[in-house]
Undergrad: 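Sharing a structure below in structure tokens format, with a few things to ask.
In what follows, every chain begins at residue 1, and chains take the letters A, B, ... in the order their sequences are listed. We use all heavy atoms of the structure for the numbers below, so side chains are in, but hydrogens, waters and symmetry mates are not.
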Amino acid sequence: MEYNPKDLEKKWQNFWKENRSFEPSEDFSKEKKYILSMFPFPSGRLHMGHVRNYTLSDAFARYYRQQNFNVLHPIGFDSFGMPAENAAIKNGSHPKSWTYENIEYMKNEFYSLGFSFSRERELATSDELYTKFEQAFIIDMYEKGLLYRKKGLLNWCPHDLTVLANEQVVEGCCWRCDTPIVKKDMNQYYFKITQYGDELLDDLKKLEGGWPKQVLTMQENWIGKSNGLEFNLFFEQDSLSKLKNSFESFDVFTTRPDTIYGVSYAALAPEHEIVKYMIENALLDSQTIAAINSMKNTSSIERQKEKSGVPLYLDVLHPLTGKKIPVWVANFVLMDYGSGAVMAVPAHDERDFDFAKKYDLPIYAVIAPYEGQLNPDAAFTEAGKLFNSENFDGMNSKESQVHIIEYFETRNLGKKTTNYKLKDWGVSRQRYWGAPIPFVHCDECGLVMEKKENLPIALPEDIEITGEGNPLEKHPTWKYCKCPACANEAIRETDTMDTFVESSWYFLRFCASKENWEKEAFSSQQIRYWMGVDHYIGGIEHAILHLLYARFFTKVFRDLGYLNFDEPFDKLLTQGMVLKDGAKMSKSKGNTVDPDALIEKYGADTARLFILFAAPPTQELEWNDSAVEGAYKFIKRFYDRTSRIYKTDTLPVIEHALLSKEEKFARVKVYEALVRANDVYKEKYTFNTMIAGVMEAMNALNLQTDADIWTEGYWILSAIMEPVIPHVCWDVSKEYFSLKNLSAQKVLEEVFVVESLKFGVSINGKSRTEIEVAVGESNENIIALAKESAAKWLEGMTIVKEIVVPGKLVNLVIKA
RNA sequence: GCCUGCGUGGUGAAAUGGUAGACACGCCGGAUUCAAAAUCCGCUAGCGCGAGCUGUGGCGGUUCGAGUCCGCCCGCAGGUACCA
């Protein structure tokens, strides 16, 4: 047979489509697997990162179908979001048509890659039907008190009169008009994710083993639970009068109460209310105010790098010693963590140290290392022994923390507190292409929820997108409505939702079969059967936000009674990025590879094989054109060598003992490949080594000529490779095996039985020679053999130790 | 800045603490061919004629034995809450 990928792939893609080959069954008595890749944003065309992502999930889906599971492998589009509006600004396209045209194009690309998605469950989150249910959930969450409004600081472009995403701020200026941005305080909607902070943290334990350690650690750090001491720093007399008694103190939080006697200054965030008061009441000179404003308008990342600050010429009193402590504004103090104010201990905190050095503030060391000397040129941040700490001298860090907190509490100076880095999730966006937040502002009733029967609140289509202002706000009629409570004239909320909201529950929607889509978001019976997702596959860049939000929604839905489990994703596989010339593929760098061109030239199977073979999935994947060529050649060879096999409906039966050395070797390699393949899906996901195993088996088959062994080899190898290169494997399987081999394969243990083993012999850990030893030989005999073979290195030496690693090697430790 | 990873031949990579470089790509050599493409076979970490020596970003440590474990340093990547 001549390998012609174009016709062959089209043939099987049509076959799969016509036979509905990949639709899940509604027979819930069967064992299931839910295989899910993170769905794409419809940016226009697939990029290699997508190809990698869906090739991985497709391999899992196909493997488990072979193993006779009922497999759900759905696909959709995360289709709301900023790029649709950016395209509108740039090209005058309508976000909706831009989005849906992109979806059509990308769907075709998907199916030309042979992905075994359930076509019937395709969805786009910008569909009104999706919005309808999402808005209903938002109302549920509001009723539960999980959604609230408060002021938040946003990037504001004073020229375009619009809110900017962090991404749209380039070096502190608006991406479109270059106007320096300012921070503006605006009313925003927030999900109370912090209410679930402890559970989100504790349940990470349930994910151990299923999720990469790395991701668990990142989430743990993000939630950032820390215990410590919260107390007030009181102003001394002069400062009190300077502030006209408007403030008597401010709150600080520390995780290191053991360093309390080392406090040498205090620092406030530039957004702190005391700072604000001083600016408004002309208590600061213009230079100081300018410095504070520039801190406020720098991104929090920039602010952490180069530390800067200004003194407020205020003093507070040390809570224990009564000593005066100067108060500064410092850019590295963030308003949204803790209370926006810190006690600074430069001797024992690196940031405080850098700041103190820069501004020549005093440094008081109070913790000494258990061993060695304090280095005066650096902060000593580890635990140690206290000194210069009055009654607590001599205690170690840990016990002193307990005593110091107790000391504060008994004197009502402060209290033990738990703090989280996790902040509530701001979900409102002042943009058009998103799901409208289903609320109404009524002069009489205030903030009112829309009635569920009025959902969806859909977007108007006749809008103008210019990049200035909020399109929904500017629409002539859309926002005018009746109050759902009192029926008076009212104004609809013009904010839309963060697109992370859609991706926080799409995996639940996929559980619903299409017949019920109009009626309900999903049924509890379907959810109970399909969830949790058995393998969730996506980019490492989603390790924190998306995954945390999806976990949060799952817990909220549980508490709303929609489902009965705590975590949505049992096993997570985070894939690395696709690189070319050492850098992430991107249009601006001009180093992209177009999947369509690749399929056109070599076919989908080649693209899939290259992607799975070139690197393990978690690692970055470096693109290499000639390696793609190599993948193509392998498939061609695989297809051509079917000339060595015969047609059969059953696996050939072979008498192993009667075979030649080469024939035995070929069978060993084939069955080794099978063992490796099964292991890959269980835990390691290293498709590259699975494919290497198949290549070794092919090479071994090629060293012999027995038709039975060739046929047995193909029966098994084409089953192993079907998840990777499905088109060619279905073709081979149909032609020779009537598709009977695409099923779970049995490992024949008898093939692995051997009579002797090779042992490496090393001297002092350095490998020297090799010996062959009969299975079951005693250690003494093995050592004797090893000594004999390594005699040359042992001359005149004394053997001090002999180590035998069973089945592997002998190490002889010698000295002169 | 902070959090999390990664670093092995010319290249992509492989190696439950146990013979570093499996499997590929590329290079080189050979077969086939009038010639080439395609295909097939062989070789390929570096140094050395050789016995051998040196090698997993750098420096130290633990161990009979370290690419693998620990500490410090360097470089690169992802995330950093309105990109998704």
Undergrad: Base of rC3(B), side chain of N221(A) - is there a donor-acceptor contact under 3.5 Å?
TA: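 Side chain to base: no pair present.
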Undergrad: Checking contacts here: which listed nucleotide (rC83(B), rA84(B), rU80(B)) is nearest the side-chain heavy atoms of D78(A)?
TA: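 Looking only at side-chain atoms, D78(A) lies closest to rA84(B).
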Undergrad: Is the NZ or CZ atom of R149(A) both under 6.0 Å from the centre of the six-membered ring of Y189(A) and within 45° of that ring's axis?
TA: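 Because its charged atom sits under 6.0 Å from the ring centre and within 45° of the axis, R149(A) does stack over Y189(A).
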Undergrad: Compare side-chain N and O positions of N688(A) against OP1 and OP2 of rA14(B) and report whether any pair is under 4.0 Å apart.
TA: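 The answer is yes; a side-chain N or O of N688(A) sits under 4.0 Å from OP1 or OP2.
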Undergrad: If you only use heavy atoms from C-beta on, which nucleotide in rG12(B), rA81(B), rA84(B) is closest to the side chain of F613(A)?
TA: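 So the nucleotide nearest the side chain must be rG12(B).
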Undergrad: Can you tell which of rC82(B), rC23(B), rU80(B) lies closest to the side chain of M695(A)?
TA: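 From the listed options, rC23(B) comes nearest.
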Undergrad: Just compare rA84(B), rA24(B), rA77(B) and give me whichever is closest to any side-chain atom of E620(A).
TA: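 From the listed options, rA77(B) comes nearest.
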Undergrad: For rG79(B), does the O4'-C1'-N9-C4 (purine) or O4'-C1'-N1-C2 (pyrimidine) torsion place it in syn, i.e. within 90° of 0, or in anti?
TA: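 Anti conformation for rG79(B).
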Undergrad: For L621(A) and rC6(B), what is the distance between atoms CG and C1' respectively, to the nearest whole Å?
TA: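 Result: 15 Å.
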Undergrad: Is there a donor on the side chain of Q214(A) or the base of rC6(B) sitting less than 3.5 Å from an acceptor on the other?
TA: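 A donor-acceptor contact between them is absent.
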Undergrad: Roughly how far apart, to the nearest Å, are rG67(B) and rU56(B) at atom P?
TA: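 These two P atoms come out 7 Å apart once rounded.
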Undergrad: Using a 6.0 Å distance limit plus a 45 degree cone around the ring axis, check whether K150(A) lies over the aromatic ring of Y190(A).
TA: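 Flagged: K150(A) positioned over aromatic ring of Y190(A).
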Undergrad: Between rU80(B), rC64(B), rA13(B), spot the one nearest the side chain of N811(A), thanks.
TA: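 From the listed options, rC64(B) comes nearest.
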Undergrad: Think K766(A) has a side-chain N or O under 4.0 angstrom from the OP1 or OP2 of rU54(B)?
TA: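 The answer is yes; a side-chain N or O of K766(A) sits under 4.0 Å from OP1 or OP2.
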Undergrad: Is any side-chain N of the basic residue among E271(A) and R303(A) closer than 4.0 Å to the acidic one's carboxylate O?
TA: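 Yes, E271(A) and R303(A) are salt-bridged.
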Undergrad: Please determine if R176(A) and D160(A) form a salt bridge, counting it only when a charged side-chain N lies under 4.0 Å from a carboxylate O.
TA: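 The answer is yes: the pair qualifies as a salt bridge.
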Undergrad: Indicate, yes or no, whether a donor-acceptor pair under 3.5 Å links the base of rC82(B) to the side chain of Q430(A).
TA: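 Pair found.
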Undergrad: What distance, rounded to whole Å, do you find between the two C1' atoms, one in rC23(B) and one in rA15(B)?
TA: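 Result for the C1' pair: 12 Å, nearest Å.
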Undergrad: Hey, is the side chain of R641(A) poking within less than 4.0 Å of OP1 or OP2 on rC40(B), counting only N and O atoms?
TA: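 Looking at the OP1 and OP2 atoms of rC40(B), one of them is under 4.0 Å from a side-chain N or O of R641(A).
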Undergrad: If the cut-off is 4.0 Å, is R303(A) near the phosphate of rC2(B), judged by side-chain N/O to OP1 or OP2?
TA: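 No, outside the criterion.
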